[in-house]
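Structure record follows, encoded as structure tokens.
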Amino acid sequence: MAKKSYETKYECHTHDVLVIGAGGAGLRAAIEASSQGLSVGLICKSLLGKAHTVMAEGGVAASMGNVDPDDGWKTHFRDTIHGGKFLNNYRMAELHAKESADRIRELERWGAVFDRTEKGKIMQRPFGGHTYRRLCHVGDHTGLEIIRTLQDKGVHSGIDVYMEATITHLLKEDGRISGCIGYWRESGRCVIFNAKAVILATGGIGKGFKVTSNSWEYTADGQGMAYRAGAELIDMEFVQFHPTGMVWPNGVKGLLITEAVRGEGGLLTNSEGERFMKNVDPERMELSTRDIVAKAINKEVKEGRGSPHGGVFLDISHRGPEYVRKKLPGMYRQLLEFADVDITKGPMEVGPTTHYTMGGIRVDADTAQTTIPGLFACGEVAGGMHGANRLGGNSLSDLLVFGRRAGLGAVEYANGLKEQPQIDDADVKAAVKELSQPFERDDGENPYAIHKDLQELMQSKVGIVREEGELKEALDELQTLKGRAKNIAVTGARQFNPGWHLAIELDNMLIASEMVARCALQRTESRGAHTRIDHEGYNEHWGKTNSTINANGEEMVIGQSTLMEMPDDLKALAYEEKK
Amino acid sequence: MAKAEATFHVFRGEAADAESGVEASGEYQEYKVPVEEGMVVLDAMHYIQGEDAPDLAVRWNCKAAKCGSCSAEINGKPRLLCKQRMDALPLDEPIVVSPLKTFPLVKDLVTDVSWNYKMNAAIPPFQPKEEDTDKWEVFENDVVRTQEFRKCIECFLCQDVCHVLRNHDRKDAFAGPRFMVRLASLDMHPMDARNDRVKYTKEEAGIGLCNITKCCTEVCPEDIKITDNAIIPMKERVVDEFYDPVMKVLRGIGLAHKK
């Protein structure tokens, strides 16, 4: 067969299954696909093992019952549905609750070393919204343990790893996926991947906000690419603000203070020394769900009972220095070294920080396939599992459960194809042209300036508390920013050029930000992480409705779809009164 | 009061690239950065990117000392850029920021660390003694040692500072402190079934080349006692297995396992 023109011009790789993103979900997916004997490529934007999963601190939720023997998948399911304010994809929540314990055992078998109980089993700690002590952990660096275990397993699984490559466009043939195109960060050269199936595991969108615990990689690549390729997304208004990010000193602003601090007994107080959580959730107090704690903190600050730098106080020092250093070693050292704050001696000043995206690409629960044949999504980039709000610890387990399922789904799909899908020369040409444009303008906007303005806008008008007027203003301003982004000029060469990288990533961040704002405007109720001060409380219609997002040419179409109804046995579980 | 200002001398340059005709280059460029309270050097690099040099290449991810991406040399010392506070540096003289010296330059502060990934992939993986983890009984005391090593964030600062790699460029014969830690973490894992870790540490990883100057321990941002807790115990295990005269005799007369 004659070579296509792109094959002579650019570096090309061919695989059965291609995984984009090498955090917990991507690695787990790649390991699964590879174990089924297929040729698998794994692409990471950073070096391997640096993905956002390393930042997960508190633990991974699995109803193993090592500490509380009464725990089981049913309780975990119910907690997850309650946390998600009944907007979860029930089937995802069910699979997640049933399979997470097996995924933990598997990690252990692959060499992960969790903290132990006195009986020699994996230790589990309490966390917000979980009925039982459920979070398997390694001090406060659980994510590192998980990613390193998967990384070491992965490099012996015959996976081809492509480090420091950014994928920018998904490619299709006759409506199904055929591969993707991107560039090497190091050289700036284009690289093309041809694959039968593509799994997106690219994480979230946090870099669109000013105060965030997310790393630079969280630029909505997967959400943006899938949208442009024609996939449907859901529920993007649900952005989780983790209640406890540092608000002071500046060098650590936004830095996440793990929920484990509260799990281990940390107390939240306002400037009057009052444990204000008793006013909103007297039963669970500090261990209430993240949305409730974040809103409570927001209220204290707005009503003038905040700490000197616009947060509240979080104190763990009463547990004694030795206990704190053993259970929260990373936190202790980090704050002492970065910020001169000794958490064994006194309180931290904390406030909400952008943390997680519950919404995302619509997927089939069992196979993780999106609405585009051959395109799969797992982890944070996929929507549905967590409904309107995610419980702490349910993200790491989500990565493992649905990473594996996406791997299996992609293998099944790839095996069903008779031949390798073809990449169209014209698509490659168009993508390459788009990537080069910022270099061709002599004079134009600075990508850093646009990014900064986007972050300010999202933080102030599409943040933790929303209302119609501000959301409309935000949408107008987003159009202006989109216009400015079309006129970005970058300087320097293509080799490792962060200004250019940002210019490319801004497109996706702008798309995702618009999704959040449009969905937030449409949902006229307050549920989970989405709060409308002009529409307080739940609304029955919206309780049964997912927001949908689709591209129609240049226009973003926001719609509604009816939430899948739970079968009766699960309904009985979900609505069962808590003991 | 006027804001304090810091002067940075940042290495700017790139490796030769035959395909695009780029020639190897490199020089220190001066940048002025206003100093804010609580600022770290990575903040300063971001300020420079935003204001003066959008194409300044620097790796970073988490800005929380958890990922180990932003390794560089500050005033000649291997450090994480995100962990070096500005108020701990003398501001009356320029702060010099350079890429890691031990690894080949890519551009500016970014180096090619792929050799480390090759070393890691060569180490035989964990192999459980018992597949059914429900049967495992592993206690806190059993895991304390390996957990210390598993804190490693792979910043490769220990590799950068190690004389064997930095001054003698013995990447052909010595895997470096990071992988001594990794081998120790496997050898001290209570459920690892392999009994050839020590042999590998001696013959493939070249532990004999380490002369325990402890430089690696000093630069570790995770405070892993690399020399005392990983390298020296592994050296002792090598001695026990390969050079113990009593064991040699016992092996000779068939009372101990042969090597």
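This structure is a prediction, so every number in the text was calculated from the model and none was measured. Letters A, B, ... are given to chains in the order of the sequence lines, protein chains preceding strands, and every chain is numbered from 1.
- In this structure, no portion of D108(B) lies under 4.5 Å from any heavy atom of chain A.
- In this structure, the portions of E222(B) lying under 4.5 Å from any heavy atom of chain A include both its backbone and its side chain.
- Within the 4.5 angstrom heavy-atom criterion, only backbone atoms of D140(A) (N, CA, C, O) approach chain B.
- Both the backbone and the side chain of W216(A) have a heavy atom closer than 4.5 Å to some heavy atom of chain B.
- M163(A) touches chain B through its side chain: at least one heavy atom from C-beta onward sits under 4.5 Å away, while N, CA, C and O do not.
- When heavy atoms are compared at a cutoff of 4.5 Å, L48(A) approaches chain B by way of both its backbone and its side chain.
- No donor-acceptor distance shorter than 3.5 angstrom exists from the side chain of E337(A) to the backbone of K83(B), with no hydrogens or angles considered.
- Scanning both residues, A493(A) and D55(B), for their nearest heavy atoms gives N-OD2, 4.5 Å.
- The two residues D134(B) and K121(A) have their closest heavy-atom pair at O-NZ, 2.9 Å.
- With a 6.0 Å radius and a threshold of 12 heavy atoms from other residues, nucleotides or ligands, K210(A) has its NZ atom at or below the threshold.
- Side-chain atoms of K63(B) never come within 3.5 Å of backbone atoms of L255(A) as a donor-acceptor pair (strictly under, hydrogens ignored).
- Most heavy-atom pairs under 4.5 Å with chain A: of the set E131(B), E36(B), E14(B), this distinction falls to E131(B).
- Between the side chain of K151(B) and the backbone N or O of E145(A) there is no donor-acceptor pair closer than 3.5 Å.
- Residue E108(A) touches chain B through both its backbone and its side chain, counting heavy-atom pairs closer than 4.5 Å.
- Across N497(A), I122(A), V161(A), the residue that shares the most heavy-atom pairs under 4.5 angstrom with chain B is N497(A).
- Contacts between E106(A) and chain B at a heavy-atom distance below 4.5 Å are absent for every atom of the residue.
- Contacts between I123(B) and chain A at a heavy-atom distance below 4.5 Å involve the backbone alone (N, CA, C, O).
- Counting heavy atoms from C-beta on, the side chains of I153(B) and V54(A) never come closer than 4.5 Å.
- Shown here for R116(A) and E140(B), the closest heavy-atom pair between the two residues is N-OE1, 2.9 Å.
- Residue contact with chain B, scored on non-hydrogen atoms closer than 4.5 Å, is absent for K452(A).
- Interface remark: T117(A) contributes backbone atoms only to the contact with chain B (heavy atom separation under 4.5 Å).
- A salt bridge links D152(A) and R182(B); the closest N-O separation between the charged side-chain nitrogens and carboxylate oxygens is under 4.0 Å.
- Interface residue N446(A): only side-chain heavy atoms are found under 4.5 Å from chain B.
- Of the listed residues P221(B), C67(B), P190(B), P128(B), the one with more heavy-atom pairs under 4.5 angstrom with chain A than any other is C67(B).
- T491(A) is listed as a side-chain neighbour of P54(B), based on a closest heavy-atom distance under 4.5 Å.
- Heavy-atom distances place both the backbone and the side chain of N61(B) under 4.5 Å from chain A.
- If you tally non-hydrogen atom pairs under 4.5 Å between each of E154(B), M191(B), H189(B) and chain A, the highest count goes to E154(B).
- Within the 4.5 Å cutoff, the side chain of R150(B) has no heavy atoms near those of the V138(A) side chain.
- Looking only at distances, no side-chain donor or acceptor of Y448(A) sits under 3.5 Å from a matching main-chain atom of Q49(B).
- In this structure, the portion of V106(B) lying under 4.5 Å from any heavy atom of chain A is its side chain and not its backbone.
- Contact annotation: the side chain of D340(A) approaches that of R85(B) to within less than 4.5 Å [non-hydrogen atoms, C-beta and beyond].
- Here the side chain of R105(A) pairs no donor or acceptor atom with the backbone of T133(B) at under 3.5 angstrom.
- The two residues V58(B) and F496(A) come nearest to each other via the heavy atoms O-CE2, 4.3 Å.
- Within the 4.5 angstrom heavy-atom criterion, only backbone atoms of F114(A) (N, CA, C, O) approach chain B.
- Using a distance-only test at 3.5 Å, with no hydrogens or angles considered, a donor-acceptor pair links the side chain of R148(A) to the main chain of C152(B).
- For chain A, the nearby part of L56(B) is the backbone; its heavy atoms alone come within less than 4.5 Å.
- If you tally non-hydrogen atom pairs under 4.5 Å between each of E137(B), E51(B), Q147(B) and chain A, the highest count goes to Q147(B).
- Neither the backbone nor the side chain of R185(A) comes within contact range of chain B, judged by heavy atoms closer than 4.5 Å.
- In terms of heavy atoms, H156(A) sits closest to A121(B) at NE2-O, 3.0 Å.
- F126(B) and W110(A) make their closest contact through CD2-C, 3.5 Å (heavy atoms, listed as atom of the first residue, atom of the second, distance).
- Contact tally against chain B (heavy-atom pairs below 4.5 Å) for L502(A), D115(A), V113(A), V490(A): the top residue is V113(A).
- Relative to the ring axis of F156(B), K50(A) places its NZ or CZ within 45° and under 6.0 Å from the centre.
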